[in-house]
Amino acid sequence: MLKIVLDKFRTRDALDMRVRSLLVKTLYTKPLSLTIGAINGVFASVIAAVYSDNAWMYAAVLLLFLIAVARISSVLYFSGRKTNRRSARRLELLYEFGAFSYSGVLGSIAAMSLVLQLPTAVEVLMIAIALGYGTGASARNAGRPAIAIGQLAFTLGPVFVGALIVGGLPFYVLAFSIALMIPAIWSITMIIFNTLRESIGSAQTSAQLADRMQTLARTDVVTGLANRAGLNHELVERLMELEPDSELAMFWLDLDRFKEVNDLLGHPVGDRVLAEIAKRLKERSPFGASVSRFGGDEFVIICKVDRRKGAERLGRELLEDINRPIIIDTERLTIGCSIGIAMLPQDGEDADTLMQSADLALYHAKVNGRNQMCFFDPSMTRDLVRRREIEHELRTALTRDELSIFFQPIVDLETGRIRTFEALVRWFHPEKGELRPDEFIPVAEECGAIITLGNWITAQAAKACAQWPEDVTVAVNLSPLQIKAPGAAMGILAALREAKLDPSRLELEVTESLFLEDNHSTGDFINELSEAGVRFAMDDFGTGYSSLGYINKYPFKKIKVDRSFVSGDNVGVKSNAIIRAVAEMGSTLEMDIVAEGLETLEQVRAVREAGCTLGQGYYFSRAVPDYLAAMLLAQERDEDRPKMMGTR
């Protein structure tokens with residue numbers, strides 16, 4: 001309770017000091033009113049001195065003139081200047097000294113005009129000047145009541161005494177009126193002061209509340225860092241304060257696979273991870289850097305750097321810090337990070353351009369494999385324009401019949417017969433010609449069009465396969481995004497029903513990247529289609545992360561050995577040993593092993609001797625349209641017919 005009371009007094013004292021500082025400022029505002037009052041007092045006093053022809057009166061007028069000049073000069077000099085607690089007190093004392101001196105001398109001259117019994121007009125003039133100045137000063141200086149009442153007392157006090165000395169009923173009434181006037185003016189002054197004090201106090205409190213609300217609006221509640229609004233504010237300030245020839249770096253960070261933490265461990269754990277990442281970023285960032293949470297799992301750091309080398313060094317240090325394991329209760333988490341870096345002024349001379357450049361660099365860092373940093377390059381802008389064009393045109397390509405399905409045979413290495421056709425999409429643009437799949441498939445995945453495109457490919461492949469002999473199957477590549485889309489399995493089953501194709505004749509090829517973000521939807525998708533009879537194949541085997549675990553967990557019927565082991569630059573003893581090991585595993589698990597990228601007879605013989613059961617590549621055939629695929633099958637059947645007749 002005592003602490004609460006003390007805190008209230010401290011708060012009140014602090015508020016009183018701020019109010020006092022502002023009220024002291026009011027003394028030095030509007031110098032014109034003080035100047036007019038001082039000049040009127042001096043002119044009236046000169047007239048009184050001339051009529052009195054008294055040396056003391058002349059001396060008093062000279063002193064009044066000097067005080068007036070000093071007061072006007074000080075008010076003009078200090079008007080509008082910033083003040084703190086100490087300077088406000090000094091200004092108040094200076095004003096008090098000048099105000100009391102001027103009031104006392106003016107009041108003394110008015111009293112002397114009564115005592116010396118100057119002409120009635122002069123006496124009236126000086127009494128009017130003294131009364132007007134005393135009451136006017138009280139109103140003007142009501143912000144500091146002690147000064148206001150002091151001026152009133154110093155001005156009217158001598159007149160009160162002079163009236164009593166002269167005596168007589170009129171002067172006694174004057175003295176009595178002055179005695180009543182002082183407390184009345186005092187009361188009015190205090191009313192004005194309290195009103196001013198409350199108004200200023202309320203304004204100060206409102207300003208503090210507004211400042212706090214602004215701070216909260218610019219602060220991320222989870223990490224304590226600046227949020228997006230705070231980032232924009234700090235970036236503008238940084239650019240305004242940046243010295244010529246200085247370089248500024250923006251680091252845009254995106255945590256890799258953070259969504260898994262939220263999905264598997266819950267948002268409270270995710271918030272603790274974000275707070276820990278924020279702590280590491282603040283500790284690693286150089287002094288004076290601005291660190292903010294842009295949103296979600298993205299962070300932005302703005303700081304001065306020693307050219308590109310300094311930025312590169314800091315980027316590596318940030319990656320190392322974020323990659324350090326995070327211990328949350330009993331969980332040991334490792335969070336990767338992708339970083340895009342843009343430099344000012346090279347990559348942008350304003351805030352918007354700099355942020356666009358850093359965002360583009362971040363995008364390329366993620367596309368290139370994640371957990372790495374990437375500097376902005378002007379070519380990224382051209383790539384973005386190209387990708388946006390492809391995205392726009394891809395959405396209408398299906399309706400324009402610009403897309404086609406080609407089929408590449410997968411051949412039995414023992415018999416030479418076609419066992420499967422892999423369906424491959426081709427895009428023949430009316431103006432740009434044929435576009436490679438590696439140009440538009442990533443764009444389709446990025447913009448979400450891969451789901452529509454994938455469903456269309458599956459439907460077209462199923463319709464073509466339905467026209468082939470029943471022992472020939474079709475293989476379709478699936479994107480992880482397509483698999484994770486709601487109702488993905490139902491869409492594939494619907495395509496099979498529409499084509500009247502037995503589910504066992506459809507093979508879905510998936511890559512190991514699908515399982516990097518393993519979740520229930522992936523397992524449910526594979527299990528649902530497997531139960532319906534659809535077969536699954538592991539594509540690009542050997543280039544991923546933990547394929548053996550996935551093969552043990554999911555019902556794969558086929559493994560496709562990546563072409564880099566067959567026709568890559570590093571083909572040799574080691575790659576042959578890997579192929580043999582995979583083939584032996586496939587034989588044990590009763591799985592077909594497909595060797596991709598076969599281009600020569602020597603390669604075919606090598607993989608067959610290693611134990612591979614199927615082969616695919618240019619040696620057998622390139623991908624061909626559906627009618628040529630049907631012709632290949634018909635030709636194969638025609639060649640087999642004489643053989644069958646000869647065996648009868």
Side-chain angles (χ1 to χ4, degrees), residues 356 359-361 363-364 366-369 376-410 420-468 474-485 488 491-492 495 498-499 506 508-511 513 539-540 563 596-597 599 616-618 620-632:
Q356 289 174 4
D359 190 22
L360 269 176
Y363 170 79
H364 278 75
K366 292 190 290 187
V367 169
N368 292 338
F376 172 78
D377 187 270
S379 62
M380 295 178 181
T381 303
R382 294 192 296 270
D383 291 343
L384 179 63
V385 172
R386 169 76 169 169
R387 297 176 74 88
R388 291 295 175 261
E389 288 179 358
I390 293 175
E391 176 184 341
H392 174 72
E393 294 172 347
L394 181 60
R395 296 185 182 278
T396 57
L398 283 169
T399 59
R400 295 176 179 174
D401 294 327
E402 295 175 9
L403 295 175
S404 302
I405 304 298
F406 277 41
F407 299 91
Q408 186 174 30
I410 299 176
T420 305
F421 278 103
E422 180 178 359
L424 302 171
V425 65
R426 294 289 184 265
W427 185 1
F428 297 96
H429 195 282
E431 297 176 359
K432 300 173 182 177
E434 183 178 357
L435 299 179
R436 300 189 310 273
D438 58 3
E439 285 187 89
F440 63 87
I441 293 297
V443 177
E445 291 181 331
E446 178 187 347
C447 69
I450 190 64
I451 298 173
T452 302
L453 178 60
N455 291 337
W456 180 82
I457 293 172
T458 303
Q460 297 301 312
K463 290 178 182 178
C465 184
Q467 309 302 317
W468 302 334
V474 67
V476 177
N477 290 281
L478 290 185
S479 164
L481 292 178
Q482 183 184 357
I483 293 173
K484 295 173 183 177
I492 291 175
E498 183 178 352
L506 175 64
L508 298 179
E509 296 184 0
V510 297
T511 60
S513 61
D539 198 7
D540 298 336
R563 66 181 63 245
E596 293 185 293
E599 298 179 359
Q616 180 180 6
Y618 290 168
F620 301 108
S621 174
R622 294 177 177 271
V624 297
D626 55 353
Y627 70 91
L628 287 181
M631 288 179 60
L632 287 176

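To the nearest 0.5 Å, atoms CG (Leu435) and CD1 (Ile441) are separated by 11.0 Å. Separating the CG atom in Leu403 from the NE2 atom in His429 is a distance of 10.5 Å, to the nearest 0.5 Å. Note: Leu628 CG to Phe407 CZ = 11.5 Å, rounded to the nearest 0.5 Å. We find the CD-CZ distance between Gln408 and Arg622 to be 9.0 Å, quoted to the nearest 0.5 Å. One distance of note links CG of Asp626 with NZ of Lys463; it measures 11.5 Å at 0.5 Å rounding.
Side-chain atoms of Glu402 and Phe428, non-hydrogen and from C-beta on, never get closer than 4.5 Å to each other. Contact check for Lys432 versus Glu393: side-chain heavy atoms found under the 4.5 Å cut-off. Taking 4.5 Å as the limit, some side-chain heavy atom of Ser621 sits within range of a side-chain heavy atom of Leu632. Residues Gln460 and Val425 form no side-chain contact, since every pair of their non-hydrogen atoms from C-beta on lies 4.5 Å or further apart. Considering only heavy atoms from C-beta on, Gln482 comes within 4.5 Å of Thr458 through its side chain.
The ring pair (Phe, Tyr, Trp, His ring centres under 6.0 Å) search around Phe376 returns none, not counting sequence neighbours. Under the rule for a side chain to side chain donor-acceptor pair (under 3.5 Å), the partners of Lys366 that lie at least two apart in sequence or sit in another chain are Asp254. Annotation: side chain to side chain donor-acceptor pair (under 3.5 Å) contacts of Asn477 (sequence neighbours excluded): Glu422.
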Residues Ile492, Val476; criterion side-chain contact (heavy atoms from CB on, under 4.5 Å); working and verdict: CA-CA 11 Å; Ile492 291 175; Val476 177; over 6 Å; no
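Minimum interatomic distance between Ile450 and Ser479 (heavy atoms only, all atoms of both residues): CG1-CB, 3.6 Å. Of all heavy-atom pairs between Ile405 and Trp456, the closest is CD1-CZ3, 3.5 Å. Across every non-hydrogen atom of Ala461 and Val474, the tightest pair is CB-CG2, 3.9 Å. Taking each heavy atom of Arg436 and Phe440 in turn, the nearest pair found is O-CD2, 3.1 Å. In plain terms, the two heavy atoms of Thr420 and Ala475 that are nearest each other are CG2-N, 3.8 Å.
Looking at Leu453, Thr452, Ile451 one by one, the single match for side chain to side chain contact (heavy atoms under 4.5 Å, CB included) with Asn455 turns out to be Ile451.
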